[in-house]
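Start at 1 and go down the list; that is how both ligands and their atoms are numbered. Side chains are part of it too, since the values below use all heavy atoms of this structure and drop only hydrogens, waters and symmetry mates.
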Amino acid sequence: MPTPTPETGPEPARDCPICPRLVAYRAANAAANPAWFNGPAPSFGDPAARLLVVGLAPGRQGANRTGRPFTGDHAGVLLYATLAKSGFARGAYDPNGDDDLALVDCMITNAVRCAPPGNKPETGEEASCRPFLSARIAALPRLKVMVTLGDVSRRNVLKALGLKASAGLPGHGTEFRAGPYVVLNSYHCSRLNTNTGRLTPAMFEAVFERARTLLDD
Ligand code: URA
């Protein structure tokens, strides 16, 4: 497993300059919507978490607006409801983040921390942001289980651990070991996947119930 370089902490600077395309997109969003967060959305949750949920990247009007992963995104409604059902969240969820939501034994982060145009980060941006994911994982001393939301998340988690992207199984509900961790894959809880029925609430809940079982073992 790679040791993050000492200067790479688990969270990018508020004005992280690393990815020119994402910086330009952030600047355009800030010019159009100065009241929005418009920066790398910091990981959210319990610093003693045993469960890490890894998303793709902030949505422009979601985490990029509110500054909290999945907050204000369509995907956040199902994610936070499901976390609450399986005991990994408590409190109310508000799409503007004006709430008392707290994660319990759980943290949420993104493979890429800045909103990408069209919700699609480039592979070079994934690579540039990956040291933060490695550092985020390394900074969770009790971490046991990671839930990856979609292929980009799964591949980046594997690479962040110094493994090949092909080292894990793709698909929904698949499970494998990666170093000291168990990885559980889920389809991303995006609007496309939920509206088409590719991912149902029951399928999503099953992933977090499995995480609960693994942590309780
Ligand atoms: N919002 C996030 O923060 N991450 C995603 O992957 C999708 C929406």
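Distances shorter than 4.0 angstrom do not occur between any heavy atom of Ala41 and any atom of ligand 1.
Judged by the 6.0 Å distance and 45° axis criteria, Arg14 is positioned over the aromatic ring of Phe37.
Taking any N or O of Phe70, backbone or side chain, at least one lies under 3.5 Å from an N or O belonging to ligand 1. Among the atoms of Leu56, some N or O lies under 3.5 angstrom from an N or O of ligand 1.
Using the six-membered ring where Trp is involved, Phe44 and Tyr80 have ring planes that are perpendicular, over 60° apart on the 30 and 60° scheme.
Under 4.0 angstrom from ligand 1, the non-hydrogen atoms of Asn110 all belong to its side chain. If you look at Ser153 next to ligand 1, there are no close heavy atoms at all, none under 4.0 Å.
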Pair Arg155-Glu126, salt bridge (Lys or Arg N to Asp or Glu O under 4.0 Å): steps then yes or no: CA-CA 10 Å; Arg155 287 198 295 262; Glu126 292 171 30; 5.5 Å; no
Would Glu205 and Ser86 count as a side-chain hydrogen bond (donor to acceptor under 3.5 Å, both in side chains) if you check the C-alpha gap in whole Å, the side-chain angles of each, and the deciding distance to 0.1 Å? CA-CA 7 Å; Glu205 280 164 31; Ser86 46; over 6 Å; no
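Cys189 and Leu199 make their closest contact through CA-CD2, 3.6 Å (heavy atoms, listed as atom of the first residue, atom of the second, distance).
Considering each of Ala57, Gly62, Ser190, the one bringing a non-hydrogen atom nearest atom 2 (C) of ligand 1 is Ala57.
Using modelled atom types, one finds no donor on one side chain facing an acceptor on the other under 3.5 Å when comparing Asn33 with Arg65.
Near Gly55, with a cut-off below 4.0 Å to any heavy atom, the atoms of ligand 1 are 6 (O). For ligand 1 and Pro58, the ligand atoms under 4.0 Å from any heavy atom of the residue are 2 (C), 3 (O).
Residues Pro69 and Thr109 form no side-chain contact, since every pair of their non-hydrogen atoms from C-beta on lies 4.5 Å or further apart.
Counting protein heavy atoms only, atom 8 (C) of ligand 1 is closest to Asp73 OD2, 3.1 Å.
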